[in-house]
Q: 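If you scroll down you'll find the structure; I have some questions about it.
We count ligands from 1, going down the list as the structure has it; atoms in each ligand are counted the same way. When a residue number appears, it is its place in the shown sequence, counting from 1.
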Amino acid sequence: MVPSVTHLDSASPCTTTDRVTVGNGAGLPIEHIGHAHVSSASSTLQLPNVFHVPQLTFKLLSVHQLCHDNNCSILFDQYGFCIQDQFSKRVLFKGRSSNGLYPIPSASQLSSPSPTVAYLGQQIKSSIWHSRLGHPTNDIVHTMLKSANLPILVDSPMHVCPHCLSGKMHQLPFSSTHVKASFPFQRVHSDVWGPSPCKSTDGYQYVVIFIDEYTGFTWLYPLFAKSEVFTKFTHLYAYVENQFSTSIKCLQSDGGEEYMVLVSCNCT
Ligand SMILES: [Zn+2]
């Protein structure tokens with residue numbers, strides 16, 4: 001139903017005395033019956049039985065009549081509506097709700113649809129986008145979402161993806177042990193750190209650390225190169241023998257290359 005005959009493509013005077021009954025029970029006269037249409041870029045809906053009712057203020061569309069005349073179905077939810085072809089399920093029209101109503105978008109609105117409409121209802125965590133996009137880095141995820149103008153719910157700044165970590169691991173995790181050292185120097189742990197992004201004032205680039213498991217005492221030696229690990233270990237070994245009248249019974253490391261020379265010398 002339309003309030004002006006100019007909204008109709010073609011019209012002929014109404015020959016009956018039928019009236020349109022509105023909410024307060026009043027009957028509004030019908031002056032013309034005609035044909036109209038609603039077009040989008042890809043489809044046109046035909047409205048073959050449109051009443052011209054001058055006392056109306058707004059144009060009204062019967063959902064039942066629209067579905068009947070165009071073999072379509074309409075889905076409604078709180079965000080908007082979607083008109084689909086009944087058989088192919090192709091989307092013919094879609095629009096957003098406004099103030100409790102579902103206005104049909106004009107042709108100009110349809111020609112420039114907003115690509116973000118479907119995403120306005122919810123914000124998705126960046127960790128979910130990380131998974132959906134094939135596990136790229138956080139910087140790439142944020143750049144892609146920003147360029148697509150998609151809303152994003154940022155996780156904690158230190159979000160770590162366990163699957164990415166597992167995929168980048170070179171070794172299986174070490175099995176845990178419940179055996180604890182029961183006297184000093186029964187087991188000494190060691191690791192090497194480096195290369196440092198910048199050299200020290202003396203030119204050192206690496207650090208080797210030795211930690212006695214029982215006492216927690218720690219020795220730290222700066223290194224020019226990883227190859228010096230063996231020399232530093234023999235230094236510590238002699239130091240322990242001279243100062244404490246005992247010896248290091250066991251050295252535990254991560255099995256890095258710098259410790260292979262110790263293994264080949266049977267130092268452990
Ligand atoms: Zn990941």
Q: Check the angle between the aromatic planes of F185 and F244 and answer parallel, tilted or perpendicular using the 30° and 60° thresholds.
A: tilted
Q: Can you tell me if an N/O/S atom from H163 lies under 2.8 Å from the Zn ion (ligand 1)?
A: no
Q: I'd like to check the side chain to side chain donor-acceptor pair (under 3.5 Å) partners of S182; sequence neighbours left out, ordered by chain and number.
A: Q186
Q: In H135, which N, O or S atom comes closest to the Zn ion (ligand 1)?
A: ND1
Q: Please report the interatomic distance CG(L8) to NE2(H52), rounded to the nearest 0.5 Å.
A: 7.5 Å
Q: What are the two closest heavy atoms between L56 and V2, and how far apart are they?
A: CD1-N, 4.4 Å
Q: At the Zn ion (ligand 1), what is the angle formed between atom SG of C164 and atom NE2 of H130, rounded to the nearest 10°?
A: 100°
